[in-house]
Amino acid sequence: MAVSAQYVARETATNLWRNRLMTIAAILTVAVSLSLVGVSLLLRQGVAQATSQWQHGVNVLVFLDPTTPVPTTPTAQQHTIDQQLTQLPYVKSCTYSSQAADYAQAKRLLDPSAASVLSVATTPASWRCVLSQPSEAAAVARQFTGFPGVDGQVQYPQKAIRTMETVVHVLDAVFLVLAVILLLSAAVLILNTIRLAIFARRREVSVMKLVGATNWFIRIPFMFEGIVQGVAGAAVAVLVTIGLHAVLDHFAGHDVNSLLYDMRTPAPEVAMTVVLVAVIGVVIGAAGSAIGIRRFLDS
Amino acid sequence: MAVSAQYVARETATNLWRNRLMTIAAILTVAVSLSLVGVSLLLRQGVAQATSQWQHGVNVLVFLDPTTPVPTTPTAQQHTIDQQLTQLPYVKSCTYSSQAADYAQAKRLLDPSAASVLSVATTPASWRCVLSQPSEAAAVARQFTGFPGVDGQVQYPQKAIRTMETVVHVLDAVFLVLAVILLLSAAVLILNTIRLAIFARRREVSVMKLVGATNWFIRIPFMFEGIVQGVAGAAVAVLVTIGLHAVLDHFAGHDVNSLLYDMRTPAPEVAMTVVLVAVIGVVIGAAGSAIGIRRFLDS
Amino acid sequence: MIRFENVTKAYKAGTVAVRDVSLDIDKGEFVFLVGPSGSGKTTLIRLLLREETPDQGRIWVAGREIARLSPWRIPYLRRNIGCVFQDFRLLPNKSVFENVAFALEVIGRPRHVVESQVPQVLDLVGLGKKRDSLPGELSGGEQQRVAVARAFVNRPLLLLADEPTGNLDPATSQGIMKLLDRINRTGTTVVIATHDAGIVDQMRRRVVELHRGELVRDQERGVYGYGT
Amino acid sequence: MIRFENVTKAYKAGTVAVRDVSLDIDKGEFVFLVGPSGSGKTTLIRLLLREETPDQGRIWVAGREIARLSPWRIPYLRRNIGCVFQDFRLLPNKSVFENVAFALEVIGRPRHVVESQVPQVLDLVGLGKKRDSLPGELSGGEQQRVAVARAFVNRPLLLLADEPTGNLDPATSQGIMKLLDRINRTGTTVVIATHDAGIVDQMRRRVVELHRGELVRDQERGVYGYGT
Ligand SMILES: Nc1ncnc2c1ncn2[C@@H]1O[C@H](COP(=O)(O)OP(=O)(O)OP(=O)(O)O)[C@@H](O)[C@H]1O
Ligand SMILES: Nc1ncnc2c1ncn2[C@@H]1O[C@H](COP(=O)(O)OP(=O)(O)OP(=O)(O)O)[C@@H](O)[C@H]1O
Ligand SMILES: [Mg+2]
Ligand SMILES: [Mg+2]
């Protein structure tokens, strides 16, 4: 080998400059392709975030039989029940709502004519439990059924959970598949571009060989060119990704109800995406050049 | 000009064959790029379809005051009200549900303890109206408020509509933006590839000029090459799009509850997408070559 | 046919390749352009083809001032000029036959004319058997002969040849020169840039000598050099 | 130094470019390779560089049978051979200086050696002022001289030159031939394929003649041709 660093640096720099058109084409291809990958990964993380936000909203509502007497001022005893409930698998936390509280809420929810038939005495008190795994709502509901004083029926938003889960799964799958397809497409397009660029310089490679250059002597500057192009393209892609993230974050603002707000992705995960995009850029640049040049090196 | 068809055909065919590597690279780029565009357009249509499916589920529920006497066997009169309701803007159709029917449904929906406090007499009869524009539910509800015998409160799934609309709008926007971005990216990548390919043949172009070829004489075969590459790439993209559509359709099967079933897109719209993809391929191929060759034609 | 009037041409790098050259070549003349390496012979030829434009001075070819030619007319100028380039400039993706045929197709000659004329010309330069080879599959001299064949296949008014025998053995060179002479006798103006002293001395035609871009000699029935 | 043993080489197209050639060239010899256009001179040189492999027969260069050389050793073979290619084969994206320097960098010469040696060699071929030009900005003869400079800048054991004066005027040609002669005197074996009868006749060195791929003459102190 014996390829001096100085030679590689000079060679890479001048070649990039003298083959501007091809350099720009390659960088553009990497940038466009990896931006798509980055954006797609980002959206996927957003969906995951939104999911975890929505999941906080899945409660199981346990009604207590209004005919069984329960203490109106639940203190220590209530605490015990709370602990017992919380120890069940998938249950994260539970809050108690007294008969009076439930009646007040029912009055608010129902229209007056319907509410008029209710009274505090006939309204059941309830425990509202947040689950760590919303899909397990049915199982949790079954477990509750044995508890003392629990009314026969345990309510949970069955239909809502199913729909939400489908949407989330589909979205997640769509963006994952999209990211993978885009990644593969990016790889194909980038390799393509590098191959074309090297094809345009095949005569140069053959002359180098005739003058006695070893394969590595020829390959290394090409690989560094590829790496520089990959890095430059990836840098653009990273900026696009970070930019999109910033824009989404900005629009999300503090509107707690907006979907974008739910999709806000924490910085570390964005950083992960960005690092991934950058690494792909470098690897594809170097490997692409090495592979692209191979057939012109076979003597 | 005076470029003979025979010359163009022969020139195009031999050039495509002799520059195989570049031909394949260009076709691949077009295929990958346009496939992404096609798939994205298809998904967008799917979302639109699903939306229109979901919209059928948005009803406005108009409760009639149970204290106001209404006929238990509504015939001609009911028909009149129905007509009146239907004439309101955004209302598509309405169905009447008697007190007895509502009571039966309530018993089914509520848990026994809660249901036990209801009776047929206290349960209000209701009109359930399907809207052509779900987002107008609030406005429709306001209109109903003046009707004779209508209970003060008109119910509609406010929160559900908002959430669903957000999701649909976001999905629609995401796929539209995606399609546009992909289209632009595709254009950039394809132009890039064609430019590189022509760059590799710039010497050929300059020699043709020196021998006295007019710009059109040189350009036309290049454009036809571009068209052939565009068409071939677009054909692959069309196959991928149709294939994906078939796969989705297959998995959708007859499971009415699945999201995929909701997303089924009718053939004509798929055909539109396919035609769009094909046209883009041809235009980009021809225009790309024409633009790509331009700077090598300036003398 | 050709008139240079105080023509000066400098390249970007600062080299003055042609300096204040004035020259008249009549229709039907046969002129050798000589001079040491780098003296501006190729540049003069490129100016005639309007591959370059002069910085100063004016050039007429066939009665037209070519610097004033609008871009779309340039191809028509070039169709009247056959040129053998020093570096051949063959189309690498076309066979020998197609390379020569291209010069005819460009001017819209019908297929049957091409089919009959090209093989004839290829036989003249001794490449009848190589018609389907690509330029990359030819020896240096064979490529040069393809370039010669292409230059005169369409019977141009003016034939420019830049070092047309540099890669040819003396026998083949003489054959080519005889060919150019014959073409000249049919009325075509021929201008040949060459280093081949033997041929220049033998043919005894008009010799124009350049030195560092300047015209230093213009001699009827001249020889390659005074001393060398 | 060089030994051909019944070497035959045919190209895909069916042309037998070299037919049953046997030839010995000792270390330090100076040999002219002559023959008409297409007789196989370039092919012989390409075989020596292992740019092509023989279909039949064996070739030794510096004691090694080069067809048996494993691929990774080929670069080391080529570093001992300087070659002036008929079509120059300069790197189009590198300046004159860089083109010549490349031959030194390939064998790992440190920067300061390159910096001192390249300008020296460029002056020898008369291109001191063109060191920063790209090949495309040079005249034909200048490109040829760059090719010559690159071929001997690293003092190879064997110097092959394919038509090294085809684009040069007689004066410059003689300068190049004197240079090659001087290099030969330092012990380098020199093989020159040429059509330049004047030079061959003047130098009176060993002449090997090919005709249609066959070796038809091998003559000490020979001339270009019998009759021509
Ligand atoms: N494209 C260019 N850019 C810059 N300089 C150039 C260019 N082409 C030629 N030159 C310079 O102009 C001068 C004349 O070049 P030209 O090719 O006309 O010489 P020539 O007489 O044809 O020489 P030769 O016999 O070696 O072919 C040379 O010094 C050359 O280096
Ligand atoms: N790559 C190739 N493929 C097919 N045939 C070839 C190839 N290279 C050379 N030939 C043929 O082989 C024969 C010998 O070619 P070569 O280049 O060795 O001749 P040469 O003696 O160098 O001729 P010149 O003096 O014209 O350069 C020629 O007929 C040529 O057409
Ligand atoms: Mg010249
Ligand atoms: Mg040769």
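Computed from heavy atoms alone, side chains included, the values below leave out hydrogens, waters and symmetry copies. A, B, ... follow the sequence lines: proteins, then strands. Residue 1 opens every chain.
Contact annotation for C/Thr15: only side-chain heavy atoms (C-beta onward) come within less than 4.5 Å of a heavy atom of chain D. For a residue to count as touching a neighbouring chain, one of its non-hydrogen atoms must lie under 4.5 Å from one of that chain's; by this rule C/Lys130 touches chain D with the side chain only.
In this structure, D/Asp169 CG and C/Thr194 OG1 are separated by 10.5 Å, a value rounded to the nearest 0.5 Å. Remark: C/Thr42 OG1 to D/Glu142 CD distance equals 9.5 Å, nearest 0.5 Å.
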Side-chain donor-acceptor distances from residues 175-183 of chain D under 3.5 Å, at least two apart:
{"from": "D/Asp181", "atom 1": "OD1", "to": "D/Arg205", "atom 2": "NH2", "distance (Å)": "2.5"}
{"from": "D/Asp181", "atom 1": "OD2", "to": "D/Arg185", "atom 2": "NE", "distance (Å)": "3.3"}
{"from": "D/Asp181", "atom 1": "OD2", "to": "D/Arg185", "atom 2": "NH2", "distance (Å)": "2.7"}

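C/Arg206 CZ: more than 12 foreign heavy atoms inside a 6.0 Å radius.
Of residues 88-101 of chain C, no residue lies under 4.5 Å from chain D by any heavy-atom pair. Residues of residues 30-37 of chain D that come within less than 4.5 angstrom of chain C, heavy atom to heavy atom, are D/Gly35, D/Pro36, D/Ser37 in numerical order.
Pairs of residues two or more places apart, or lying in two chains, that qualify as side-chain hydrogen bond (donor to acceptor under 3.5 Å, both in side chains) and include a residue from residues 115-124 of chain D are D/Arg111-D/Glu115.
When C/Gln174, C/Lys12, C/Glu163 are compared by the number of non-hydrogen pairs under 4.5 Å with chain D, C/Glu163 comes out ahead. Contacts with chain C were tallied for D/Asp162, D/Leu138, D/Leu168; D/Leu168 has the most, counting heavy-atom pairs under 4.5 Å. Between chain C and the options D/Gln144, D/Glu137, D/Arg145, the largest number of non-hydrogen pairs under 4.5 Å is found for D/Arg145. Ranking C/Gly166, C/Gly198, C/Ala17 against chain D, the residue ahead of the rest is C/Gly166, based on heavy-atom pairs under 4.5 Å.
The two atoms that bring D/Ala197 and C/Pro170 nearest to each other are CB-CG, 4.4 Å, heavy atoms only. The minimum heavy-atom distance between D/Asn167 and C/Gln86, with the atom names listed, is OD1-NE2, 3.0 Å.
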